Protein chains: 2
Amino acid sequence: MPTRRERLRAETATEIKTIALRLMAAGGPDAISLRAIAREMGMTAGAIYSYFPTRDDLVTTLIADLYTALLDAAERARDAAGSAPGARLLAWAEAVREWAVANPEGYKLIYGDPVPGYRAPTSGPAADAELRACAGLTELVAEVWPAITVTPSGTARWTDFDADIVALTRKALPMLPPAGFALALRMWGRMHGLIALEVYGHLTGQTRRPEKLFHAEMIDMITSLGLRAPK
Amino acid sequence: MPTRRERLRAETATEIKTIALRLMAAGGPDAISLRAIAREMGMTAGAIYSYFPTRDDLVTTLIADLYTALLDAAERARDAAGSAPGARLLAWAEAVREWAVANPEGYKLIYGDPVPGYRAPTSGPAADAELRACAGLTELVAEVWPAITVTPSGTARWTDFDADIVALTRKALPMLPPAGFALALRMWGRMHGLIALEVYGHLTGQTRRPEKLFHAEMIDMITSLGLRAPK
DNA sequence: GCAAACTCTAAACGCCGTGTAGTAATCGAA
DNA sequence: TTCGATTACTACACGGCGTTTAGAGTTTGC
């Protein structure tokens with residue numbers, strides 16, 4: 001049961017974040033300025049310090065929110081896809097790219113480096129979202145792993161990876177070998193690469209059909225494991 | 001024959017860039033401030049405007065220099081590698097990753113978004129460097145293309161791509177089909193993905209051996225085309 | 001009804017990029 | 001060699017930024 005004060009406080013915090021997101025979408029991360037937010041709210045910049053201890057904390061909160069929205073979209077697409085081994089994986093990938101293209105500044109904020117020296121390790125909702133992304137992808141790999149006929153190269157061992165994530169992964173997906181987890185990380189990179197190039201504008205001078213490029217890459221990613229191509 | 005004035009001017013410009021690079025390596029793109037540079041040089045910030053019309057122009061110049069250094073390293077590694085179909089490709093990829101890991105802030109500056117609304121299209125040395133990167137990778141694909149036994153999926157056509165880059169590519173590599181150029185872009189993304197995740201710290205909570213992950217990914221990238229694995 | 005907690009303003013500090021006016025040095029040519 | 005023009009630089013100002021501090025004004029819980 002939230003008190004009146006708590007409710008007002010939550011509303012104001014939401015308004016701050018909403019305006020911050022609009023500023024970011026319009027002018028990139030640097031456009032998120034406490035003074036600009038306060039100006040739009042008819043306040044002074046100092047008032048925001050009642051809600052966020054510092055600008056970096058506000059941005060970190062935004063990252064967590066954006067990451068959550070991205071993952072919600074990805075999971076929604078995955079669950080709406082058919083149950084063929086690669087279909088859910090493909091749906092996830094396409095959903096991530098579509099979200100990124102629709103929210104380029106948001107994607108940059110998530111995977112870029114808006115707060116140089118900061119970056120808290122394994123703490124806070126932003127780290128939780130990252131973990132959720134990693135877990136979601138690993139789960140998709142675990143689903144298709146039994147159907148794979150071409151094993152990825154390399155000699156992955158559990159000791160290659162961070163102990164915490166290994167513990168979580170092995171508990172959730174006991175059947176998955178270390179090579180499966182390695183594959184999940186590699187797929188993450190493979191998806192991220194083309195999306196990052198596109199979102200940062202490095203493909204604009206090259207291709208007019210980035211979605212075609214990405215789709216072909218994802219199809220090959222799936223078929224190269226010996227799975228039938230979905231769709 | 002440079003006059004004394006020109007020589008001094010070039011030296012000062014170089015000193016400005018050198019200090020800017022050091023500041024960037026230490027504190028990220030935001031640490032590149034004209035006042036900080038001038039402070040280290042015993043000048044005032046206004047003096048830098050005799051050398052660069054604006055801070056963004058200085059950063060753009062830095063990007064071009066860094067991109068050139070990255071490509072020099074990649075081409076050097078490629079030329080030092082054996083002549084097996086995939087060996088030169090692998091050497092290029094590993095060299096890019098190693099440069100990125102050694103110069104993380106530089107890699108971020110090249111492929112990130114330090115200048116939000118700016119980004120000149122197809123002009124200036126930074127765009128030239130990007131073209132050189134793309135051309136270098138396309139050339140490597142053209143080298144291995146005849147030896148490929150597994151054709152990448154998708155239906156690439158020349159009209160999918162930017163007219164200028166198509167003209168340059170078809171002139172330089174007449175035998176390469178559009179699917180080959182598409183493959184080059186896709187490889188670019190595949191290399192960039194894992195490197196970007198690593199450089200921005202998104203792999204630190206996951207794997208302790210990112211180089212192993214990258215190497216395996218590159219080996220699979222080559223072997224999935226039906227080429228023998230190098231090394 | 002009142003003290004405590006909270007929210008906000010106003011002003012200041014030290015950063016930042018950028019523009020302008022003026023000074024001092026240096027250069028090219030008469 | 002001297003003189004006008006160009007160049008390199010300083011000093012200062014402007015507005016913007018994040019952040020801190022002191023103090024009002026309001027709301028809350030007892």
Side-chain angles (χ1 to χ4, degrees), chain A residues 1-24 26-63 109 113-119, chain B residues 1-24 26-63 109 113-119:
Chain A
M1 179 70 139
T3 67
R4 170 179 150 78
R5 229 206 192 116
E6 284 169 345
R7 186 166 42 80
L8 287 175
R9 183 179 172 79
E11 278 173 14
T12 307
T14 302
E15 190 184 355
I16 290 171
K17 291 196 287 181
T18 304
I19 294 175
L21 285 173
R22 189 173 53 238
L23 290 172
M24 181 208 66
D30 289 358
I32 307 173
S33 90
L34 300 185
R35 291 184 131 98
I37 295 168
R39 220 176 291 129
E40 282 206 36
M41 296 177 71
M43 295 196 318
T44 52
I48 300 182
Y49 284 81
S50 298
Y51 299 89
F52 299 94
T54 185
R55 196 199 90 114
D56 287 358
D57 289 273
L58 168 58
V59 173
T60 304
T61 305
L62 292 180
I63 292 176
L109 206 62
D113 200 13
V115 188
Y118 191 65
R119 225 21 140 202
Chain B
M1 177 72 139
T3 68
R4 172 179 146 79
R5 251 248 243 294
E6 284 169 347
R7 187 167 41 80
L8 285 176
R9 184 180 171 77
E11 278 174 14
T12 308
T14 302
E15 190 183 355
I16 290 170
K17 290 197 287 182
T18 304
I19 294 174
L21 286 173
R22 188 173 55 239
L23 290 172
M24 181 208 66
D30 289 358
I32 307 174
S33 90
L34 300 185
R35 291 184 131 98
I37 295 168
R39 219 177 290 130
E40 284 206 36
M41 296 177 71
M43 295 197 317
T44 51
I48 299 181
Y49 283 83
S50 299
Y51 299 88
F52 299 94
T54 184
R55 194 199 93 112
D56 287 358
D57 288 272
L58 169 59
V59 173
T60 305
T61 305
L62 292 180
I63 292 176
L109 205 61
D113 201 13
V115 187
Y118 191 65
R119 226 21 142 200

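So that the names make sense, note that chain A is the first sequence line, chain B the second, and so on, each numbered from 1. Just the heavy atoms: all of them, side chains too, but no hydrogens, waters or symmetry mates, feed the values below. Computed from a prediction, not measured in an experiment: that's the story for all the values here.
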Does the side chain of B:M24 reach to within under 4.5 Å of the side chain of B:L62, using non-hydrogen atoms?
-> no
So do B:F52 and B:T60 actually touch side chain to side chain, heavy atoms under 4.5 Å?
-> no
Working to the nearest 0.5 Å, report the span between CG of B:D56 and CD1 of B:I32.
-> 10.5 Å
For a quick test of reading the model: is some side-chain N or O of [X] closer than 4.0 Å to OP1 or OP2 of [N]?
X     : N      : result
B:R39 : C:dC15 : no
A:Y51 : C:dC6  : no
B:S33 : C:dC16 : yes
A:Y49 : D:dT19 : yes
B:R9  : D:dA8  : yes

Option from B:R39, B:R35, B:E40, B:M41 for which side-chain contact (heavy atoms from CB on, under 4.5 Å) with B:I37 holds = B:M41
Which of A:T14, A:L58, A:D57, A:I16 passes side-chain contact (heavy atoms from CB on, under 4.5 Å) with A:Y51? It is A:I16
Of the candidate nucleotides C:dG17, D:dC17, C:dT9, which contains the atom at the shortest distance from the side chain of A:M43?
-> C:dT9
Side-chain atoms of B:T54 come closest, of C:dG17, D:dA8, C:dT7, to C:dG17
Expressed as a whole number of angstroms, how long is the span from [X]:[atom1] to [N]:[atom2]?
X     : N      : atom1 : atom2 : answer
A:D56 : D:dT19 : CG    : P     : 6 Å
B:I48 : C:dC16 : CD1   : C1'   : 12 Å
B:L8  : C:dT26 : CG    : C1'   : 11 Å
B:R55 : C:dT18 : CZ    : P     : 8 Å
A:L34 : D:dG16 : CG    : C1'   : 13 Å
A:D57 : D:dG18 : CG    : C1'   : 13 Å

Please tell me which of A:S50 and A:R35 maps to the more 5' nucleotide of DNA chain C, matching each residue to the nucleotide holding its nearest heavy atom.
-> A:S50
Have a look at A:I37 and say if it touches a base, only the backbone sugar-phosphate, or nothing, with a 4.0 Å heavy-atom cut-off.
-> nothing
When we call it a touch if two heavy atoms are under 4.0 Å apart, what does B:L58 touch: a base, just sugar-phosphate, or nothing?
-> nothing
